Amino acid sequence: MTGDSKPEAPNPERKRVWETPPGVALCALDDIAEPGSRGFVLQIGEAYFHGFVVRKDGQVAGWVDRCPHQGFPMALEMDRYLTPDGSLILCGWHGAVFEPLEGACVGGPCAGARLTPWPVEASGGVIRTA
């Protein structure tokens, strides 16, 4: 390094990945209310995965935390992915609503689109990536 050179500034934008390896324990099943949701950020190498899990009607479903409308994260507040009555997933940015276990957009600016699935499963009282 010479007197004229400056160190490179770190890249403020974190690298993203869109998949996770199977078998990663996320939380206890009872850590998510019925109905309820919880967000997760997993570091995979140098990159990060952002997803959320919904628990409803005795089932769990995982989704990539990205609205198909404009690519924003879904929740405006941590772990608040559902409508107040827990019946639908709500994109807090533009009001799109989605079926919690199917991921289909049933109203709002991206009607007909779908959330990107994130394979998860509940077994032995623990939610894991699948």
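All values below were derived from every heavy atom in this structure, side-chain atoms included, with hydrogens, water molecules and symmetry-related copies excluded. These figures come from a predicted structure and were not determined experimentally.
The minimum heavy-atom distance between Ala61 and Val120, with the atom names listed, is C-CG2, 3.8 Å. Contact detail for Cys27 and Phe40: the closest heavy-atom pair is SG-CZ, 3.8 Å. When all heavy atoms of Ala122 and Leu29 are compared, the pair lying nearest together is CB-CD1, 4.2 Å. For Glu19 against Ile44, the heavy-atom pair with the smallest separation is O-CD1, 4.0 Å.
The side-chain contact (heavy atoms from CB on, under 4.5 Å) check on Ala113 picks up Pro68, Cys110, with sequence neighbours excluded.
Hydrophobic cluster membership differs between Tyr48 and Val53, with clusters built from Ile, Leu, Val, Met, Phe, Trp and Tyr side chains linked at under 4.5 angstrom.
Distance CG/Leu76 to OH/Tyr81: 10.5 Å, rounded to 0.5 Å. Between atom CE of residue Met74 and atom CG of residue Leu82 there is a gap of 10.0 Å, rounded to the nearest 0.5 Å. Rounding to the nearest 0.5 Å places CZ of Arg38 at 14.5 Å from CZ of Phe52. Considering CH2 of Trp18 and CG of Asp65, their distance stands at 9.5 Å, rounded to 0.5 Å. Here the straight-line distance linking atom CH2 of Trp118 with atom OG1 of Thr129 works out to 7.0 Å at 0.5 Å rounding. Between the OG1 atom in Thr116 and the CZ atom in Arg66 there is a gap of 8.0 Å [rounded to 0.5 Å].
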Give the intermediate values and the outcome of side-chain contact (heavy atoms from CB on, under 4.5 Å) for residues Leu42 and Leu26.
CA-CA 9 Å; Leu42 305 178; Leu26 300 172; 4.1 Å; yes

Decide yes or no on side-chain contact (heavy atoms from CB on, under 4.5 Å) for Val64 and Phe49, but give the supporting numbers first.
CA-CA 8 Å; Val64 172; Phe49 172 85; 4.0 Å; yes

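Remark: Gln43 CD is packed, more than 12 non-hydrogen atoms of other residues, nucleotides or ligands lying under 6.0 Å away. In the displayed structure, Glu34 atom CD is contacted under 6.0 Å by more than 12 heavy atoms of other residues, nucleotides or ligands.
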Donor-acceptor contacts, no H, no angles, side chain residues 88-100, under 3.5 Å, sequence neighbours left out:
residue : atom : partner : partner atom : Å
Trp93   : NE1  : Pro73   : O            : 2.8
His94   : ND1  : His69   : ND1          : 3.3

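Using a 4.0 Å cut-off between a side-chain N of Lys or Arg and a carboxylate O of Asp or Glu, Arg55 and Asp31 do not qualify as a salt bridge.
Asp85 places a side-chain N or O within 3.5 Å of a backbone atom of Ser87 that can act as its donor or acceptor partner. A donor-acceptor contact shorter than 3.5 Å links the side chain of Asp79 to the backbone of Gly39.
Listed by first and then second residue, the salt bridge (Lys or Arg N to Asp or Glu O under 4.0 Å) pairs that reach into residues 102-128 come to none, sequence neighbours excluded.
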